[in-house]
Participant: 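One structure is given below, represented as structure tokens, and several questions about it will come after.
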Amino acid sequence: MTTVTLAPMEGVVDVYMRELLTGIGGFDLCVSEFVRVSQHLFPAAVFYRNCPELLTGGKTSSGVPVHVQIMGGEPSVMAENAAYVAELGAPGIDINFGCPAKTVNRHDAGATLLQWPDRLNEIVSAVRRAVPASIPVSAKMRLGFSEKSLALENALAIECAGASKLTVHARTKLEGYRAPAHWEYLQPLAEKLEIPVVANGEIWTKDDYSQCLALSGCAHVMVGRGVIARPSLGLEISTEGEQFFQLGLFDWPKILNLIIDYYNLTKSMENENRQMGRLKQWIKLLGRTYGQSSVLFDQIRRFEDPMKIVQEVRKELYRSMGDQLAS
Ligand SMILES: Cc1cc2nc3c(=O)[nH]c(=O)nc-3n(C[C@H](O)[C@H](O)[C@H](O)COP(=O)(O)O)c2cc1C
């Protein structure tokens, strides 16, 4: 059965977004934003901040598990932190070998490690040994650092180390986020590995999803920006969504209601500026699918109070419902 995972996205897919999107449905699993592990064991507060779901059984309130992602290049420190976050109740640990950020790569973590399959193996092995066997350890990588020749070797190194699953963002670090994603390069990995290979990158619609499965030979997908811009996407592509007759794109009033729900969820954020930043960011990103959201973004971009933003969203909701009734 195909599974759909909500991608980790630092600064975008936080606890509130996970709550909202898993509430809509279509997701089997979430992965938290990364915790950058460098020299020492973090206190519990760091993991609780990154993944507050640890306090509620490691699941969102819709019951979708959230695996905690860690990132670093030192096997023993990664292992120590992984063991601790497992103790705190993480239902799974994911290791990030895909982050392209220069500061991260300069400090020996993320995608830079894709240049050395042995190091991937050492890190995953150390984490696997440190975490109880009942807790899955997975990894997420790109096709390579500057080119793709080590993709299979890296994937096998991760599998041999005992990972239970591998997600592959179908681009190199150098390719950044430039379209297209090279789904076809996942095929040899999906063929040769015994563990599930999860395809990731540039799935924006149900058609992209079908094409990705066909070209990659993978049975599982992870979606990130696609579902932020099109919140129905998880349901549209999941088995769960099949029960809804001809489920398609949510209409604009439904999206406005979701923005209001997100505002309500983010009200518990301590920092109002951060809440406002997240609201503006989501309204902007929705513009890729909903032209109306780009117009709305232009109206609210200079607002300095989250309440003013949500007032504008409510006004737009009444306007658009009126338009719907009139048509
Ligand atoms: C703003 C942003 C933050 C991200 N943060 C993470 C992260 O914390 N961990 C990770 O493994 N990948 C991270 N990614 C990569 C995504 O998980 C995903 O691999 C990438 O966006 C491609 O998938 P998509 O086309 O479905 O978005 C991030 C991507 C973006 C755009």
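Below, each value reflects all heavy atoms present in this structure, side chains not excepted, and no hydrogens, waters or symmetry copies. In listed order, ligands and their atoms are each counted from 1.
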Participant: Is there a polar contact between ligand 1 and I203, counting only N or O atoms under 3.5 Å apart?
Facilitator: no
Participant: Please write down residue, atom name and distance for the protein heavy atom closest to atom 9 (N) of ligand 1.
Facilitator: Q69 OE1, 2.7 Å
Participant: State if G201 counts as touching ligand 1 under the rule of any non-hydrogen atom under 4.0 Å.
Facilitator: yes
Participant: Would you mind listing which atoms of ligand 1 come within a distance below 4.0 Å of any non-hydrogen atom of E202?
Facilitator: 24 (P), 25 (O)
Participant: N/O to N/O below 3.5 Å, does that happen between R171 and ligand 1?
Facilitator: no
Participant: When you measure from the side chain of N121 to the backbone of A157, do you find a donor-acceptor pair of N or O atoms at a distance under 3.5 Å?
Facilitator: yes
Participant: Under a 4.0 Å heavy-atom limit, does V223 contact ligand 1 with its side chain, its backbone, both, or neither?
Facilitator: backbone
Participant: For atom 31 (C) of ligand 1, what is the nearest protein heavy atom, given as residue, atom name and distance?
Facilitator: M9 CE, 3.7 Å
Participant: Is it possible for you to check whether R288 lies under 6.0 Å from the centre of the six-membered ring of W204, through NZ or CZ, and within 45° of that ring's axis?
Facilitator: yes
Participant: Just need the protein heavy atom nearest to atom 5 (N) of ligand 1, so name the residue and atom and give the distance.
Facilitator: E10 N, 2.8 Å
Participant: Is the NZ or CZ atom of K206 both under 6.0 Å from the centre of the six-membered ring of Y209 and within 45° of that ring's axis?
Facilitator: no
Participant: Looking at ligand 1, does any of its N/O atoms fall within less than 3.5 Å of an N/O of S32?
Facilitator: no
Participant: I need the nearest protein heavy-atom contact for atom 21 (O) of ligand 1: residue, atom name and distance, please.
Facilitator: Y177 CE2, 3.5 Å
Participant: Which residue supplies the protein heavy atom nearest to atom 8 (O) of ligand 1, what is that atom called, and how far is it?
Facilitator: F34 CD2, 3.1 Å
Participant: Does any N or O of ligand 1 fall below 3.5 Å from an N or O anywhere on G224, backbone included?
Facilitator: yes
Participant: List, by chain and number, the other hydrophobic cluster members for M222, where Ile, Leu, Val, Met, Phe, Trp and Tyr join if side-chain heavy atoms come within less than 4.5 Å, directly or indirectly.
Facilitator: V31, V198
Participant: Which residue supplies the protein heavy atom nearest to atom 14 (N) of ligand 1, what is that atom called, and how far is it?
Facilitator: P8 O, 3.4 Å
Participant: Evaluate the ring planes of Y177 and H169, with Trp represented by its six-membered ring, and classify them as parallel (under 30°), tilted (30 to 60°) or perpendicular (over 60°).
Facilitator: tilted
Participant: Checking the N or O distance criterion of under 3.5 Å, is ligand 1 in contact with R225?
Facilitator: yes
Participant: Taking A139's backbone N and O only, do any of them form a donor-acceptor pair with N96's side chain (distance below 3.5 Å, no angle check)?
Facilitator: no
Participant: If you take all heavy atoms of I70 and A82, which pair is closest and at what distance?
Facilitator: CD1-CB, 3.8 Å
Participant: If you take all heavy atoms of L55 and Y48, which pair is closest and at what distance?
Facilitator: CD2-CE2, 3.6 Å
Participant: Using a 4.0 Å heavy-atom threshold (strictly under), name the region of M71 that reaches ligand 1: side chain, backbone, both or neither.
Facilitator: neither
Participant: Counting from 1, what ligand 1 atoms have a heavy atom of N96 closer than 4.0 Å?
Facilitator: 9 (N), 10 (C), 11 (O)
Participant: Which of the numbered atoms in ligand 1 are under 4.0 angstrom from any heavy atom belonging to A7?
Facilitator: 17 (O)
Participant: Which residue holds the protein heavy atom closest to atom 18 (C) of ligand 1, what is that atom called, and what is the gap in Å?
Facilitator: N200 OD1, 3.3 Å
Participant: Let's go through E202 and R178 carefully: what are the C-alpha distance in whole Å and the side-chain angles of both, what is the deciding distance for salt bridge (charged side-chain N to carboxylate O under 4.0 Å, His left out) to 0.1 Å, and is it a yes or a no?
Facilitator: CA-CA 9 Å; E202 298 293 323; R178 274 193 314 281; over 6 Å; no
Participant: Is a side-chain N or O of Q69 found less than 3.5 angstrom from the main chain of K140, in a donor-acceptor match?
Facilitator: no
Participant: What I want to check is whether the side chains of N105 and K102 have a donor and an acceptor closer together than 3.5 Å.
Facilitator: no
Participant: Check K140 against ligand 1 and report side chain, backbone, both or neither, counting heavy atoms closer than 4.0 Å.
Facilitator: side chain
Participant: For the pair E53 and K59, evaluate salt bridge (charged side-chain N to carboxylate O under 4.0 Å, His left out) and give the outcome as yes or no after the intermediate values.
Facilitator: CA-CA 6 Å; E53 292 93 337; K59 293 180 176 175; over 6 Å; no
